[in-house]
Amino acid sequence: MGYERVQFTSDKFKKSRGGHSRWLLLSCVSCGESLFCYQKDGSGILKRLYIDRIVGDKKKKNLVCQKCKTVLGIFTLYKKEKRPAFRLFVGAVAKKTIPGDKVKKFF
């Protein structure tokens, strides 16, 4: 898996959260397996992962760790914004902020 420069998605959702974004490398708390990179817009805690902000494979029903098979979140439609997302279980994922040139495409 190589690194590649990935640009932030800039749309009305990013602008409504103050226009500030950062890249997060998400991993499973149970086993430490890296899951994928995610564009986090705005401040605040990570409660849900919007599908359009995930870098890599997005064709999953629920968010499950490929290594230990732990269910980390469930698929939902966020009604307020009418966007598909994964609702995370509390304490299921660990996150680390990474620079844009270190974003990996996980497939």
Side-chain angles (χ1 to χ4, degrees):
M1 283 180 251
Y3 296 102
E4 68 179 63
R5 186 75 163 153
V6 179
Q7 298 296 318
F8 284 122
T9 302
S10 185
D11 55 15
K12 66 180 182 178
F13 301 114
K14 178 179 175 177
K15 291 180 178 97
S16 71
R17 290 175 175 81
H20 173 73
S21 294
R22 61 192 175 277
W23 290 111
L24 299 177
L25 177 60
L26 300 178
S27 57
C28 176
V29 168
S30 298
C31 66
E33 179 74 8
S34 294
L35 301 169
F36 47 76
C37 293
Y38 179 74
Q39 176 184 333
K40 169 77 168 102
D41 298 328
S43 60
I45 64 171
L46 195 61
K47 292 192 265 188
R48 69 188 72 83
L49 303 174
Y50 297 107
I51 303 296
D52 61 338
R53 298 297 197 248
I54 296 172
V55 177
D57 186 15
K58 303 171 186 179
K59 301 172 187 153
K60 299 175 182 168
K61 294 282 185 194
N62 288 326
L63 187 58
V64 179
C65 177
Q66 296 298 314
K67 186 175 179 182
C68 68
K69 308 299 183 206
T70 302
V71 178
L72 308 170
I74 59 171
F75 181 83
T76 185
L77 184 65
Y78 184 53
K79 292 179 184 176
K80 185 177 176 183
E81 296 178 353
K82 299 181 178 121
R83 292 170 75 187
F86 291 116
R87 184 177 54 83
L88 292 175
F89 296 131
V90 177
V93 297
K95 59 188 182 292
K96 178 182 175 187
T97 305
I98 58 172
D101 60 342
K102 299 293 184 200
V103 174
K104 286 185 183 180
K105 286 227 178 197
F106 292 86
F107 295 102

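Note: hydrogens, waters and symmetry copies are ignored here, and every other heavy atom, side chains too, is used.
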Donor-acceptor pair, N62 side chain versus F75 backbone, under 3.5 Å? yes
L77 and P84: which non-hydrogen atoms are nearest, and at how many Å? CD1-N, 3.6 Å
Nearest-0.5 Å distance, CZ of residue R87 to NZ of residue K47: 11.5 Å
Looking at Y78, is R83 sitting on its ring face, NZ or CZ under 6.0 Å from the six-membered ring centre and within 45 degrees of the normal? no
Are L46 and F89 co-members of a hydrophobic cluster defined by side-chain heavy atoms under 4.5 Å apart? no
Looking at every non-hydrogen atom in both residues, tell me the closest pair between S27 and S34 and how far apart they are. CB-CA, 3.9 Å
For side chain to side chain contact (heavy atoms under 4.5 Å, CB included), just list the numbers for L25 and Y38, CA-CA rounded to whole Å, side-chain angles, deciding distance to a tenth of an Å, and then say yes or no. CA-CA 6 Å; L25 177 60; Y38 179 74; over 6 Å; no
The test is side chain to side chain contact (heavy atoms under 4.5 Å, CB included); show your working for C28 and V93 and say whether it passes. CA-CA 5 Å; C28 176; V93 297; over 6 Å; no
What's the verdict on side chain to side chain contact (heavy atoms under 4.5 Å, CB included) for L26 and F36, showing C-alpha distance, side-chain angles and the deciding distance? CA-CA 6 Å; L26 300 178; F36 47 76; 3.6 Å; yes
Pick one: which of Q39, K40, K96, R53 meets side chain to side chain contact (heavy atoms under 4.5 Å, CB included) with L24? K40
From Q66 atom CD to C31 atom SG, the distance as rounded to the nearest 0.5 Å: 10.5 Å
Taking the side chain from R22 and the backbone from P99, do they hold a donor-acceptor pair closer than 3.5 Å? no
Under a 4.5 Å side-chain heavy-atom rule over Ile, Leu, Val, Met, Phe, Trp and Tyr, are V29 and L49 clustered together? no
Taking atom CG of L72 and atom OG of S30, what is their separation to the nearest 0.5 Å? 7.0 Å
Is there a path from V64 to F86 through hydrophobic residues (I, L, V, M, F, W, Y) whose side chains come within less than 4.5 Å of each other? no
Nearest heavy atoms of C65 and L35, plus distance in Å: CA-CD2, 4.2 Å
Cluster question for you: counting only ILVMFWY and a side-chain heavy-atom cut-off of under 4.5 Å, with indirect links fine, are Y50 and L63 together? yes
